[in-house]
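Here's the structure, in structure tokens; my notes come after.
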Amino acid sequence: MKIASFNINGIKARADALTDWLKEAEPDVAILQEIKSVDENFPREIFEDLGYNVETHGQKSFNGVALLSKLPLEDVTRGLPGAEGAGRDGGDDEEARYIEATVVGETQALRICGLYLPNGNPVDLDADGTPVPGSKYDYKLKWFDRLTARAEALLAEEQPFLMAGDYNLIPQPEDAKRPEAWKDDALFRLESRAKFRRLTALGLTDALRVRNGAPDTYTFWDYQAGAFQKNDGIRIDHFLLSPQAADLLTDCQIDAFTRAKDKPSDHVPIWVDLDL
DNA sequence: ATGGTGGTGCGACCA
């Protein structure tokens, strides 16, 4: 089963590019981020015509995640648990960044968690260096904690699951062409990386890291300054697999070719193949 | 490096 993740940076601008890639790559499941659309305006018919079931968790203008699947999507839930009081304004977290569903393979079921982790910039710190409550950076770190809590709950079930999407996180210096340029950025600061490490240390496998240790392997290049042409990229889109899912992993690749086409997203797809 | 580009949706805000 081929499962892909793709931050499309707006469904309106990317409908054609996304359709072309789906026809070429033929994933069984596509986990989408930054649809930048409310549910009612997502052009679901385009993807239903290609044989996909469609589940969205949208929002006006920003964020928004979706799942496309050739197999039925069961037990769909929207939103990361722990939203109560977790918004930046102290209210509930209403940003559409998380969706879960179960797909049933030939031998067993797989829980799929699609996520769009907050960017976290600008980094806003108190005089003593602690993230300012209510700041974007504070929201990112707390969102990481909620994701980790969700992973702990799923791990307790000892079933195959994966958490995939745009983590807005560069795990290691080798995951950036110019790590020094990202030193103080929310995507690479040590506090952010510690959160990611804590999550993976629960026992989750970074699928690309174990399947493909090739250097200069990135999933995002800025639109500016010819970043893609210079391969001045970062690896921030990740597949984290539970132990039971990691046992089924047969491949993990990045479809960087999509970045060279017309009207590309600034991200490219990453996918895994699981033997289920 | 000061967003230099690009998306959403029509004024900013986000990345």
Side-chain angles (χ1 to χ4, degrees), chain A residues 5-21 31-44 46 56-66 87-89 91 93-98 114-124 131-132 134-144 164-171 175-189 191-193 195-196 218-238 256 258-270:
Chain A
S5 171
F6 192 3
N7 179 324
I8 59 173
N9 191 18
I11 186 58
K12 200 168 148 188
R14 215 67 61 213
D16 288 347
L18 176 57
T19 302
D20 289 348
W21 168 74
I31 304 164
L32 306 180
Q33 302 88 39
E34 283 206 88
I35 64 172
K36 294 186 175 179
S37 161
V38 293
D39 295 336
E40 308 82 74
N41 291 346
F42 189 85
R44 54 187 307 128
I46 298 175
T56 60
H57 180 37
Q59 176 182 340
K60 182 181 163 74
S61 303
F62 307 118
N63 309 319
V65 290
R88 285 189 50 213
D89 60 1
D93 180 12
E94 314 228 328
E95 300 193 16
R97 298 179 173 278
Y98 190 83
L115 64 103
Y116 175 48
L117 207 133
N119 176 294
N121 285 305
V123 173
D124 191 7
V132 173
S135 68
K136 292 188 172 186
Y137 190 50
D138 184 63
Y139 175 64
K140 176 187 190 131
L141 297 176
K142 289 193 161 72
W143 207 94
F144 243 127
D166 178 359
Y167 280 75
N168 267 313
L169 186 106
I170 304 165
D175 298 313
K177 181 74 159 190
R178 297 181 300 121
E180 69 284 356
W182 298 91
K183 181 169 56 75
D184 300 319
D185 193 283
L187 277 62
F188 191 57
R189 278 177 57 89
E191 278 164 316
S192 305
R193 288 156 62 189
K195 294 293 187 188
F196 185 78
Y218 310 125
T219 64
F220 170 93
W221 298 261
D222 200 288
Y223 285 120
Q224 301 176 90
F228 181 65
Q229 288 70 26
K230 293 186 276 194
N231 197 24
D232 181 7
I234 51 178
R235 187 172 77 94
I236 57 175
D237 300 86
H238 309 294
T258 60
R259 190 65 172 78
K261 301 200 174 203
D262 286 339
K263 286 200 51 132
S265 171
D266 41 6
H267 294 251
V268 297
I270 173 174

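Here is how names work: the chains are called A, B, and so on, in the same order as the sequence lines, proteins then strands, and each is numbered from 1.
Nucleotide B:dG7 holds its P atom 17 Å from the CZ atom of A:F42, rounded to whole Å. Regarding A:I8, its CD1 atom lies at a distance of 18 Å from the P atom of B:dG6, rounded to whole Å. The separation between A:D232 atom CG and B:dG4 atom P is 17 Å, rounded to whole Å. Remark: P of B:dG7 and CG of A:N7 are 12 Å apart, rounded to the nearest angstrom. When rounded to the nearest whole Å, the span between CH2 of A:W221 and C1' of B:dG3 equals 20 Å.
Taking atom C1' in both B:dG9 and B:dC14, the straight-line distance is 13 Å, to the nearest Å. Comparing B:dT2 with B:dA12, their P atoms sit 23 Å apart, to the nearest whole Å. Nucleotides B:dG11 and B:dA1 are separated by 26 Å at their C1' atoms, to the nearest Å.
In DNA chain B, consecutive stretches of 3 or more Watson-Crick or G-U wobble pairs with both distances under 3.5 Å are given as paired ranges: B:5-8 with B:12-15.
Taking 4.5 Å as the limit, every side-chain heavy atom of A:L117 sits out of range of all side-chain heavy atoms of A:D166. Inter-residue side-chain proximity for A:E34 and A:F62 is flagged as unmet; no heavy-atom pair is nearer than 4.5 Å. Here the side chains of A:I8 and A:L18 are in contact, with some heavy-atom distance below 4.5 Å.
Between A:Y137 and A:N119, the side chains place no donor N or O within less than 3.5 Å of an acceptor N or O (distance only, hydrogens not considered).
For A:N231, the CG atom is densely surrounded, since the number of other residues' heavy atoms within 6.0 Å is greater than 12.
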List the steps, then state whether salt bridge (charged side-chain N to carboxylate O under 4.0 Å, His left out) holds for A:D138 with A:K142.
CA-CA 6 Å; A:D138 184 63; A:K142 289 193 161 72; 2.8 Å; yes
Walk me through whether A:E95 and A:Y116 qualify under side chain to side chain contact (heavy atoms under 4.5 Å, CB included).
CA-CA 10 Å; A:E95 300 193 16; A:Y116 175 48; over 6 Å; no
I need a per-nucleotide contact map over nucleotides 8-15 of chain B, read 5' to 3'. Cutoff is protein heavy atoms under 4.0 Å; write B for the base, S for backbone only, - otherwise.
SSS--BSS
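Remark: side-chain polar atoms of A:R189 are not paired, donor with acceptor, to backbone N or O of A:D184 under 3.5 angstrom.
No close placement of the A:F188 and A:W182 rings is indicated, their centers lying 6.0 Å or farther apart.
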